[in-house]
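As a basis for the values below, the full set of heavy atoms in this structure was taken, side chains included, without hydrogen atoms, waters or symmetry mates. Each chain gets a letter, A, B and so on, in the order its sequence line appears, and its residues count up from 1.
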Amino acid sequence: MRWSQVFIPTLREDPAEAEVPSHRLLLRAGYMRQVAAGVYAHLLLGQRSLLKIMQIIREEMDAIGAQEFYLPALNPAELWKESGRYAAYGPTILKLKDRNDHEMVLGVTHEEEMTNLARGELRSYKQLPQIWYQIQEKFRDEPRPKSGLLRLREFWMKDSYSFDLDEAGLEASYGKHYDAYRRIFDRCGLKYVIVEAYSGTMGGTHSHEFTAPTDAGEDLIALCDCGYAANLEKAEGNAPPVTDPANVGPPEPFATPGQRTIDELVKFTGENANRMIKTLVYVVESQAILVLLRGDHTMSETKLAATLGSDTFRLATPEEARALLGARLGSLGPVGLKGVRILADKALEGRRGMISGANKDDTHLRNVTPGRDFTPEFRDLRVVSAGDLCPKCGQPLRISVSVELGHIFKLGRRYSQAMHATVLDENGKEVPLVMGSYGIGVERILSAAVEQNHDRDGMFLPASIAPFEIILTAANMDDARLRDAAEKLYDEMRAHHLDVLFDDRAERPGVKFKDADLIGAALRVTVGKRKFEQGLAEIFRRSTKQIQDVKLDSVIPFLEAIRRG
RNA sequence: CGGGGCGUGGCGCAGCCUGGUAGCGCGCUUGCCUUGGGCGCAAGAGGUCCCCGGUUCAAAUCCGGGCGCCCCGACCA
């Protein structure tokens, strides 16, 4: 393509609304323009790059025997009510009514629609396994769209769904996706880590997340050099040991006037927060329970939900807590309670002589010893923090920020049972399908690639997903000899099917170089006066800024050699 | 949903406090000039000052309401 004839609206200045690098650069480089919060128009460069990403995904999905479908975004609400996710996703689903007053939804993801298709069509175990996928628009009315393409309300997702007869089949389908995803992200040139994750609203048992570490991300992951990696929602860790007093007498009340928070108590008593027990009261389906944590630890509602097997719970009000325990928040504790379920984080197991509330205003207890003074169920209930020890090897964990690029889920029978998607097995018995679901955020690949590959001057995308692999720059279009030489090179490049953008604009060289640096073509081939007179063109690698001079008649073979790697 | 910021030619901003001719830089158009890192000179075009209402002789500016966008948090793939 000729730059003079296409629309690449680069900006000299940073758009005011963009903070994170990928958002800023994708706007500046003319890849996209904003339409509304979380809604973007893709222009020439953005669309080309996204099409390349989708093609890579398509090739790798096809390679594992997945079949490309295309399901509509517009769907009847009934399906979502049937699965129970109409309520679970709540306001995130964009809902509308058609002219006959039928409730419709715009697809958030397509488990329901794919399962609906499967139950209508799949009859026999002989038809299994099936892997169906699509690259399709998703709509999510996010509470807070942000960071350009990182959190969108309308976006492209590659979503696939596997249908198997049994767990062994699911295992195989899941494994194929795991491998295909690695190839996809490798080919897109991304640095990524695979982490164990929490399944969230998707349901199901196991899942892995493919995440790209970058500061602009919003997923927190825990990492260890031994290879352990998990989303913070899911990560386990062992708190470094705390030394407690050896011999501990019975619990003993002491006055703590006005001390309500752990911080205040630390100052008041001079004890470390890791010697305190934090007591939280939760109401779980109208039943009050106690949740205990070490003073310096944070509760994970995700893990609590997993422990309870329910996500209908909330923190009790101060009044409810007083009704149960007889004291205000800040003086609550587990000692002496009868008939109340007590969950304690496992970091409290084996501890002695700690401090907790006494269930009397302005009073705490010392010498509190879990297991002796009260009997909780020990569970993993807290968010891992940096410095916790790896559950596999015992070394300290690191916490890193990353972007979730893809997520693969073992769904099991959650949808097939809810929606009665069954086949006959070899004994003629009707059995629910065992399902998996697997997603990739297409725009997030582009964003993450920019986050991981940019500098002051712009972006340098991996050649596989750059909108153009090569930009051919004629330093001066008014100089007939330079122009003719560049035109000739351009024709040759096209004849060799090289992916080239020819900057034939009547601009000064500086403008062209700045624009070329900005938009992220992997290589720049420049025809400029001085080197041209020596029969040379200049080849500039954007990522390393390394320059090589190549004879004009060797440019094509040189580029083809680079392309072959 | 809580907190904060912002809305003025295409982009980035000033003007608002203290009401009275809408301004600067970039970009755009035309001409000359220049041609290896966002050249120079000159002449131009381009604005419902987010919307609605109020106060006032007079509102970009003051007051009320609304909408939109960004950031932090909550939440969420």
Side-chain angles (χ1 to χ4, degrees), chain A residues 9-20 23-24 27-28 30 33-40 85 88-93 107-111 138-148 150-153 155-159 197-204 207-211 216-219 231 233 301-302 311 314-315 402-409 437-444 456-458 473-483 503 505-518 524 526-533 537-538 540 545 547:
Chain A
T10 58
L11 303 172
R12 292 198 178 207
E13 288 174 277
D14 286 333
E17 74 269 20
E19 300 251 325
V20 304
H23 187 197
R24 197 160 41 81
L27 286 171
R28 266 195 70 194
R33 288 293 183 258
Q34 184 176 37
V35 175
V39 182
Y40 285 84
R85 287 208 299 180
Y89 265 107
T92 299
I93 306 181
V108 171
T109 163
H110 277 70
E111 279 75 13
K138 301 290 183 260
F139 294 85
R140 299 188 182 182
D141 198 0
E142 289 290 337
R144 186 151 93 84
K146 58 182 238 185
S147 306
L150 281 174
R151 178 166 294 275
L152 292 165
R153 292 196 295 171
F155 61 98
W156 271 327
M157 180 188 274
K158 185 291 297 175
D159 46 322
Y198 169 70
S199 307
T201 324
M202 296 296 297
S207 78
H208 284 94
E209 224 177 294
F210 292 71
T211 79
E218 47 187 0
D219 248 24
N231 190 300
E233 291 179 332
E301 296 214 339
T302 305
D311 47 17
R314 60 176 173 80
L315 214 45
S402 71
V403 171
E404 179 185 3
L405 300 169
H407 205 152
I408 58 179
F409 300 89
S437 102
Y438 317 88
I440 291 179
V442 177
E443 288 91 335
R444 280 189 178 177
R456 235 180 46 245
D457 297 318
T473 302
N476 181 358
M477 287 300 281
D478 283 342
D479 182 327
R481 289 182 316 148
L482 288 188
R483 187 185 62 223
D503 192 349
R505 293 176 298 171
E507 292 285 353
R508 291 171 56 86
V511 173
K512 295 188 177 191
F513 294 147
K514 288 287 184 190
D515 273 344
D517 287 348
L518 179 61
R524 188 184 80 217
T526 309
V527 181
K529 192 171 175 215
R530 211 167 311 132
K531 286 176 183 170
F532 171 75
E533 283 168 352
E538 178 183 281
F540 173 87
K545 301 203 166 172
I547 292 173

Remember a base hit wins even if backbone is also touched, and classify [X] as base, sugar-phosphate or nothing at under 4.0 Å, heavy atoms.
X: A/T473; answer: nothing
X: A/I93; answer: nothing
X: A/S147; answer: sugar-phosphate
X: A/G528; answer: base
X: A/A475; answer: base
X: A/E17; answer: sugar-phosphate
X: A/K146; answer: sugar-phosphate
X: A/R524; answer: base
X: A/R33; answer: nothing

Give none if [N] has no partner; otherwise give the nucleotide forming a Watson-Crick or G-U wobble pair with it, both distances under 3.5 Å.
N: B/G68; value: B/C6
N: B/U29; value: B/A43
N: B/G19; value: none
N: B/U56; value: none
N: B/G73; value: B/C1
N: B/U35; value: none

For [N] versus [M], give the span between their [atom1] atoms, rounded off to a whole number of Å.
N: B/G65; M: B/G27; atom1: P; result: 42 Å
N: B/A43; M: B/C51; atom1: C1'; result: 37 Å
N: B/U29; M: B/A45; atom1: C1'; result: 7 Å
N: B/C6; M: B/G15; atom1: C1'; result: 16 Å
N: B/U48; M: B/U61; atom1: P; result: 16 Å
N: B/U56; M: B/C13; atom1: C1'; result: 30 Å
N: B/G12; M: B/G73; atom1: C1'; result: 29 Å
N: B/G37; M: B/C76; atom1: C1'; result: 44 Å

Spacing of CG belonging to A/D14 relative to CD belonging to A/E19, to within rounding of 0.5 Å |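 Going from CG on A/D14 over to CD on A/E19, the span is 10.5 Å.
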Rounded to the nearest 0.5 Å, how far apart are OG1 of A/T473 and CD of A/E538?
->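 Nearest 0.5 Å value for the OG1-CD distance: 9.5 Å.
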Heavy-atom contacts under 4.0 Å between residues 509-518 of chain A and RNA chain B, which residues?
->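 Close to the strand are A/P509, A/G510, A/V511, A/F513, A/K514, A/D515, A/D517.
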Pair A/F513-A/T526, side-chain contact (heavy atoms from CB on, under 4.5 Å): steps then yes or no | CA-CA 9 Å; A/F513 294 147; A/T526 309; 3.8 Å; yes
Do the side-chain N and O atoms of A/D219 and A/T211 include a donor-acceptor pair separated by under 3.5 angstrom?
->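 Side chains of A/D219 and A/T211: no pair found under 3.5 Å.
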Would you say the side chains of A/K138 and A/H110 form a donor-acceptor pair under 3.5 Å?
->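 There is such a pair (donor and acceptor under 3.5 Å, judged by atom type) between the side chains of A/K138 and A/H110.
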Does A/Q34 put a side-chain nitrogen or oxygen below 4.0 Å from OP1 or OP2 of B/C70?
->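 Answer yes for this pair, as a side-chain N or O of A/Q34 is under 4.0 Å from OP1 or OP2.
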Considering just the side-chain nitrogens and oxygens of A/R12, establish if one lies under 4.0 Å of OP1 or OP2 belonging to B/C26.
->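 No, because none of the side-chain N or O atoms of A/R12 sits under 4.0 Å from OP1 or OP2 of B/C26.
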Over all heavy atoms of both residues, which pair between [X] and [Y] is shortest? Give the atoms and the distance, please.
X: A/P15; Y: A/L27; value: CG-CB, 3.6 Å
X: A/H407; Y: A/A197; value: NE2-CB, 3.5 Å
X: A/L152; Y: A/Y40; value: CD2-CD1, 3.5 Å

Given B/G12, B/C71, B/C75, which nucleotide is nearest the side-chain atoms of A/E19?
->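 Of all the options, the side chain of A/E19 is nearest to B/C71.
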Any idea which of B/C69, B/C71, B/G36 is nearest the A/A37 side chain?
->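 Of the candidates, B/C69 comes closest.
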Just how far, in rounded Å, is [atom2] of [N] from [atom1] of [X]?
X: A/L11; N: B/G12; atom1: CG; atom2: C1'; value: 10 Å
X: A/E218; N: B/G73; atom1: CD; atom2: P; value: 10 Å
X: A/D478; N: B/U35; atom1: CG; atom2: P; value: 10 Å
X: A/R153; N: B/C76; atom1: CZ; atom2: C1'; value: 14 Å

5' precedence on RNA chain B between A/F155 and A/Y40 (nearest-nucleotide basis) |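 Closest to the 5' end, via its nearest nucleotide, is A/Y40.
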Residue whose closest nucleotide on RNA chain B lies nearer the 5' end, A/A18 versus A/D14 =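 Nearest-nucleotide comparison on RNA chain B picks A/D14.
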Before giving the answer on side-chain contact (heavy atoms from CB on, under 4.5 Å), spell out for A/E507 and A/M477 the whole-Å C-alpha distance, their side-chain angles and the decisive distance to 0.1 Å.
-> CA-CA 8 Å; A/E507 292 285 353; A/M477 287 300 281; over 6 Å; no
Does A/E507 get its side chain close enough to the base of B/G38, under 3.5 Å, for a donor-acceptor pair?
->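 Answer no: no donor N or O sits under 3.5 Å from an acceptor.
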May I ask you to verify whether the side chain of A/R144 and the base of B/C71 hold a donor-acceptor pair under 3.5 Å?
->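 Result: no qualifying N/O pair found.
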Is there a donor-acceptor pair closer than 3.5 Å between any side-chain N or O of A/K158 and the backbone N or O of A/Y438?
->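 A pair under 3.5 Å: yes.
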